[in-house]
Amino acid sequence: MAVDYTPGELMVAVAAREIRDGEVVFVGMRLPLLAFCLARATHAPNAVGLFENGIVRDSPALAFLVTMSDGPNVAGALWCTEMREIMGLLQSGRVDLGFLGGAQIDRFGNLNTSYVGPPGRQTRLPGSGGGADIAGLSRRHVVIMAHERRRFVERVDYVTSPGFGEGGDWRRRVGLPGGGPAAVITTLGLFRFDPETREMVLASTHPGVTVEEVREETGWPLACAPSVTVTPPPTGEELAVVRRFDPDGFWTRDRG
Amino acid sequence: MAVDYTPGELMVAVAAREIRDGEVVFVGMRLPLLAFCLARATHAPNAVGLFENGIVRDSPALAFLVTMSDGPNVAGALWCTEMREIMGLLQSGRVDLGFLGGAQIDRFGNLNTSYVGPPGRQTRLPGSGGGADIAGLSRRHVVIMAHERRRFVERVDYVTSPGFGEGGDWRRRVGLPGGGPAAVITTLGLFRFDPETREMVLASTHPGVTVEEVREETGWPLACAPSVTVTPPPTGEELAVVRRFDPDGFWTRDRG
Amino acid sequence: MSVGAVLNKVLPLAEAVRRHVPDGAAVVLGTALEALIPFAVAHELIRQERRDLALVGPISDLCFDQLIAAGCARRVVAAWVGNVQHGSGYGFRRAVEQGLPHPIEVEDHSNFTLALGLEAAALGVPYLPTRTLLGSDILARNPRLRRERCPFTGAPLVLVPALAPDAAILHVQRADAEGNCQAWGATGVSAAAAKASRIVIVVCEELVEAAVIRSDPNRTLVPGFLVTAVVHLPWGAHPSPVQGHYNRDHAVYRDYHQRSARPEDLLAWLREWVRDPGDHAGYLEKLGRQRLEALRPRSRRLAAPVDYGC
Amino acid sequence: MSVGAVLNKVLPLAEAVRRHVPDGAAVVLGTALEALIPFAVAHELIRQERRDLALVGPISDLCFDQLIAAGCARRVVAAWVGNVQHGSGYGFRRAVEQGLPHPIEVEDHSNFTLALGLEAAALGVPYLPTRTLLGSDILARNPRLRRERCPFTGAPLVLVPALAPDAAILHVQRADAEGNCQAWGATGVSAAAAKASRIVIVVCEELVEAAVIRSDPNRTLVPGFLVTAVVHLPWGAHPSPVQGHYNRDHAVYRDYHQRSARPEDLLAWLREWVRDPGDHAGYLEKLGRQRLEALRPRSRRLAAPVDYGC
């Protein structure tokens with residue numbers, strides 16, 4: 001049965017499926033926050049969500065959130081504390097999964113949210129926030145971003161949040177404890193990483209998207225899984241939950 | 001007017017006079033705790049007391065205390081927190097004055113509360129607790145202890161809580177930030193330290209005690225101030241306050 | 001504190017800012033992230049035309065963007081500068097990209113290294129070690145961060161040096177006249193920031209009796225003996241949220257975003273919302289009672305009772 | 001947690017100890033110093049004749065002395081071991097001085113270095129730096145502590161390696177069935193100890209509904225996802241105090257002090273107060289209702305209301 005949904009809603013549904021029941025998830029804001037709410041409401045009722053401001057919740061926020069510090073994310077939390085506590089959980093390996101967004105990503109999953117463009121004519125982006133910490137320290141992380149050729153580049157201009165660096169065992173060599181990116185969820189498809197080379201690999205295209213379209217929007221010769229599948233679209237139940245937590249489509253309709 | 005008092009009460013009164021108004025004081029237990037209460041009730045109404053368990057008070061405990069964690073020290077505190085916060089204040093130079101007890105002290109004010117006696121036949125004492133931290137990190141500290149020849153030795157068997165080490169600029173050389181001992185208050189007298197050599201110097205003898213008696217109970221050739229005075233005894237007001245906080249003489253009568 | 005001393009700590013906003021945040025000061029603010037942002041202090045700094053500030057904070061939401069656009073800042077030490085609700089901070093971008101209104105220096109951090117720098121200063125150690133930022137260009141390009149091998153394990157570590165601002169500005173729910181203060185909700189790096197700083201200004205929604213604080217000492221965020229000044233200023237964190245007092249006023253962030261893309265519009269926004277109202281009372285008057293009331297909590301949610309009896 | 005998982009966390013005392021604290025485990029307890037000492041767990045370890053434990057804690061009051069005298073411990077990592085009210089711990093002294101009932105190893109710390117070791121493990125770093133213990137023989141004789149120069153300032157520092165016990169035992173005022181727990185009064189090194197340990201056992205005076213914890217999230221000491229087992233055991237910290245529930249029973253400390261100077265007396269004390277009562281209920285019965293009631297708070301002292309409304 002075909003259901004109408006936006007790219008944002010699809011990405012939220014795909015992201016939610018990355019959360020396993022009982023996991024401790026570094027949530028962040030926007031689409032990952034909705035994905036956490038969706039996962040808890042469906043297949044992962046025991047997932048725990050961490051926020052870098054110091055909030056830990058095991059239930060969805062009481063109401064729609066624009067920021068993680070909004071009142072409905074505080075009320076009913078199971079712990080409100082300092083950032084150092086949250087970062088300590090991350091650094092000590094207690095966080096199973098973290099979510100990240102980015103402006104620019106490369107072949108090995110490195111993310112740039114700091115400086116884009118050639119020296120002298122750089123655009124200044126807001127910066128890391130907790131992104132570099134999540135990318136470095138969580139057991140695995142998942143990236144969610146818009147898929148455009150200017151964003152998917154051979155090599156990012158600046159590594160804010162490390163993925164697999166130059167590939168292979170780079171993370172081990174530089175000393176990063178976390179496992180690195182497990183998936184990249186874009187407006188066009190779902191990507192995994194080759195277990196040896198650590199290069200990004202197209203795993204599935206979203207409904208209606210061709211592999212060729214993905215290639216066109218990717219700034220390097222894209223590797224594909226032996227059989228690229230089609231991403232299962234959000235179910236009616238998934239959409240109902242997403243719309244409950246983003247009733248006006250602030251995150252899933254107004255933007256990608 | 002002569003007032004009857006115990007050695008413990010005298011020591012508390014002398015210790016209280018070391019606290020200046022507005023100071024942040026690392027209090028600990030027993031006699032120093034009473035000294036803090038006395039100082040606040042008399043000349044230092046704005047002194048703030050810190051306890052290593054995590055308590056900060058600006059008022060005396062509600063009732064007699066056997067330990068710093070007793071209920072009356074918690075209720076009405078202005079802050080109950082973790083040990084790290086208290087130790088952080090100490091290490092960052094926010095503590096003006098700390099109090100310490102000891103089983104053994106030497107010429108340069110080093111304290112031993114760990115191992116007494118020759119190797120192989122050592123007596124095991126309880127250990128540092130927070131003593132070594134107070135001695136190392138507070139801006140200045142004051143020692144309170146019984147004056148006996150076996151306790152006042154040329155060189156302690158084990159430096160638990162450093163005073164001036166080997167004298168002179170030893171503290172600077174080993175890298176200790178705190179100022180070291182400012183006074184030693186014993187059952188016999190009050191001692192200061194020579195600003196150059198950092199050797200302990202007799203400043204005043206308690207009423208009825210002679211310099212000779214102090215020398216006899218001291219295990220090294222004791223230096224004396226140019227004019228050794230007599231310690232002013234506790235006033236009636238001071239005694240009244242001490243007895244209010246130690247009504248049964250648990251700390252000031254049953255023991256030294 | 002003697003009564004005189006206590007009374008002297010409680011200051012009007014303008015006086016606290018004038019006395020304790022001079023030109024050139026390093027100021028940490030926005031320490032609870034998107035909540036409890038001391039916007040009233042930031043606006044007062046703009047009105048007093050403070051110059052050459054170093055702004056220190058994890059993610060600043062639009063507070064830093066406004067200070068930068070107004071020309072108050074010479075340096076930014078932060079993990080993220082922008083508008084949390086809408087992304088880019090145009091004031092910040094123009095300063096970095098075009099040197100407008102004048103060039104600023106930026107010291108980039110992640111949230112964790114910024115927090116650790118403040119923690120190190122709060123704890124009185126020259127640095128704290130971490131495993132974050134290995135392999136990141138933030139480490140490569142921030143000369144204050146050092147990469148060293150762990151003497152115990154041989155593993156690579158990043159050493160974050162102590163970061164001790166001149167002044168910390170905290171907004172809290174309640175404080176007494178001595179500055180003993182309590183806040184609830186996430187506190188981010190607030191406690192560390194206060195202990196790391198020489199000057200601490202506490203802005204509170206409620207100025208309470210000493211007994212209120214002392215009825216619940218586990219709730220205390222910063223003890224008064226570390227606090228320099230107390231400003232009693234309800235709504236002082238607007239448009240950011242204060243749990244139990246008011247919700248976030250999202251419309252302000254949207255309006256500022258829409259009106260800051262062009263520098264002349266941004267300056268007009270600052271004129272309209274910061275300079276022309278003259279002071280915080282004028283700002284609240286311009287917002288209007290109806291708008292403020294709409295931000296009030298829909299219901300009370302009281303903490304379960306806790307008994308300190310003994 | 002699923003309902004099944006939740007119910008499984010709540011265990012009787014004996015079962016929690018049997019399942020989660022095996023022979024040879026490194027156990028941190030007494031983390032709030034003289035209050036909230038999990039004496040009931042210590043006594044159960046004695047009754048179950050646990051052996052070769054490493055006992056970790058800042059100052060242990062007489063809890064460690066009893067475990068050592070009963071032959072449960074092979075190693076002690078602590079800053080102070082004795083009887084806070086009376087000084088010496090005779091059980092500890094005999095073990096160190098005479099190897100009775102068997103020799104034990106002692107790793108000496110100050111309170112601060114013990115706290116920092118736990119903090120390092122809690123934060124996931126191999127060590128934390130400090131300026132304490134420079135010039136102390138604790139540093140000179142503890143081979144795990146290193147003296148190094150600061151790479152930034154050149155100043156000498158002590159590096160305290162991470163100390164990660166196998167199990168942490170915390171006594172708290174209230175917890176829910178998932179282990180989300182809240183404590184008030186000074187908390188010492190409790191939070192760090194829990195995060196540093198693989199296993200966390202929470203013993204609570206009150207087992208409360210999930211909603212109680214969530215009504216006041218700033219009060220939470222340790223979140224449930226770090227907690228392995230929850231034991232609901234009123235009076236489980238006796239004779240140490242629990243704010244709002246009971247005061248310290250000083251007489252126990254005096255009695256133990258008087259009856260522990262000779263080893264046969266100490267063993268008789270343990271027989272009388274630990275083994276013969278059979279379990280915690282038997283211990284409370286032996287204490288008697290009247291004695292327990294006399295320890296109850298004389299009055300309630302409620303925390304000022306806090307509103308999380310939004």
Side-chain angles (χ1 to χ4, degrees), chain A residues 29 51-55 62-63 66-77 80-84 86-87 90-91 103 110 112-115 121-137 156-163 165 170-171 173-178 250, chain C residues 32-36 58-59 61 78-85 87-89 92-93 95-97 106 108-113 115-116 119 130-138 140-141 147 155-157 184-192 240-244 246-248 250 253 297 301:
Chain A
M29 314 241 281
F51 299 83
E52 58 204 314
N53 57 352
I55 293 176
L62 302 182
V66 171
T67 85
M68 65 175 93
S69 303
D70 288 4
N73 206 37
V74 169
C80 283
T81 182
E82 300 179 70
M83 183 193 285
R84 68 182 292 279
I86 304 299
M87 292 298 179
L90 190 62
Q91 190 168 239
N110 303 297
N112 179 7
T113 55
S114 302
Y115 299 90
R121 287 189 300 119
Q122 287 190 321
T123 297
R124 173 69 217 219
L125 306 174
S128 160
D133 308 314
I134 295 170
L137 304 173
V156 289
D157 298 322
Y158 181 103
V159 177
T160 309
S161 302
W170 179 88
R171 285 183 72 95
R173 281 188 283 120
V174 300
L176 280 174
F250 186 85
Chain C
L33 283 67
E34 298 91 350
L36 297 166
I59 69 120
D61 219 334
W80 198 96
V81 181
N83 177 326
V84 169
Q85 183 174 326
S88 264
F92 175 58
R93 280 189 57 183
V96 176
E97 296 171 12
V106 180
D108 285 307
H109 280 270
S110 71
N111 273 344
F112 196 12
T113 60
L116 287 170
E119 285 284 343
T130 176
R131 301 195 285 173
T132 199
L133 292 198
L134 292 164
S136 167
D137 282 337
I138 300 174
R141 308 232 195 136
R147 191 176 169 286
L157 288 173
W184 46 101
T187 59
V189 300
S190 302
S240 73
V242 178
Q243 202 79 20
Y246 40 91
N247 286 297
R248 190 170 189 270
H250 308 305
Y253 298 81
R301 295 178 165 271

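Order of the sequence lines fixes the chain letters, A, B, ..., with proteins taken first and strands second; residue numbering starts at 1 for each chain. Bear in mind the structure is a predicted one, so any value in this text is a computation, not a measurement.
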Quick one: what part of T81(A) sits under 4.5 Å from any heavy atom of chain C, side chain, backbone, both or neither? backbone
Answer yes or no: is there a side-chain heavy-atom contact under 4.5 Å between L62(A) and R301(C)? yes
Would you say L33(C) and M83(A) make side-chain contact, with heavy atoms under 4.5 Å? yes
Most heavy-atom pairs under 4.5 angstrom with chain A, which of G82(C), A192(C), P156(C)? P156(C)
Quick one: which of G129(A), A132(A), A75(A), A135(A) has the most heavy-atom pairs under 4.5 Å with chain C, could you say? G129(A)
Give, as side chain, backbone, both or neither, the part of V84(C) having an atom under 4.5 angstrom from any heavy atom of chain A. both
Between D108(C) and Y158(A), is there a side-chain heavy-atom distance shorter than 4.5 Å? yes
Grab the two heavy atoms, one from S110(C) and one from D133(A), that are nearest each other, plus how far apart they are. OG-OD1, 2.6 Å
Atom group of S190(C) that falls short of 4.5 Å from chain A, counting heavy atoms: neither
Contact between E82(A) and E119(C) at the side-chain level, heavy atoms closer than 4.5 Å - yes or no? yes
Nearest heavy-atom neighbours spanning R124(A) and E97(C): N-OE2, 2.6 Å
List the residues meeting side chain to side chain contact (heavy atoms under 4.5 Å, CB included) with S136(C), not counting sequence neighbours, and say none if there are none. P162(A), L133(C), I138(C)
Pairs of heavy atoms under 4.5 Å with chain C: top-ranked of V74(A), I55(A), V159(A): V159(A)
Would a 4.5 Å heavy-atom cut-off, applied to side chains only, mark Q85(C) and T67(A) as touching? no
Whatever's closer than 4.5 Å to a heavy atom in chain A on F92(C) counts as side chain
Taking G76(A), G130(A), S114(A) one by one, which has the highest count of heavy-atom pairs under 4.5 Å against chain C? G130(A)
Grab the two heavy atoms, one from R248(C) and one from D70(A), that are nearest each other, plus how far apart they are. CD-OD1, 3.2 Å
Looking only at the side chains, is there a donor atom on one of Q91(A) and T132(C) sitting less than 3.5 Å from an acceptor on the other? no
When G136(A), P126(A), G127(A), S128(A) are compared by non-hydrogen pairs under 4.5 Å with chain C, the top option: P126(A)
Reported CZ-to-OH distance for the pair R141(C) and Y115(A), which is rounded to 0.5 angstrom: 7.5 Å
What option among N247(C), T130(C), D61(C), V189(C) has the most heavy-atom pairs under 4.5 Å with chain A? T130(C)
With a 4.5 Å cut-off on heavy-atom pairs, point out which of A115(C), G185(C), P241(C) contacts chain A the most. G185(C)
Residue from V66(A), L125(A), N112(A), I86(A) scoring the most non-hydrogen pairs under 4.5 Å with chain C is V66(A)
Quick check on T123(A) against chain C: is it the side chain, the backbone, both or neither that has a heavy atom closer than 4.5 Å? both
Residues A32(C) and S69(A): closest non-hydrogen pair is O-OG, 3.9 Å
Is any side-chain heavy atom of L137(A) closer than 4.5 Å to one of R131(C)? yes
Tell me, for V106(C) versus chain A, whether the close heavy atoms (under 4.5 Å) come from the side chain, the backbone, both or neither. side chain
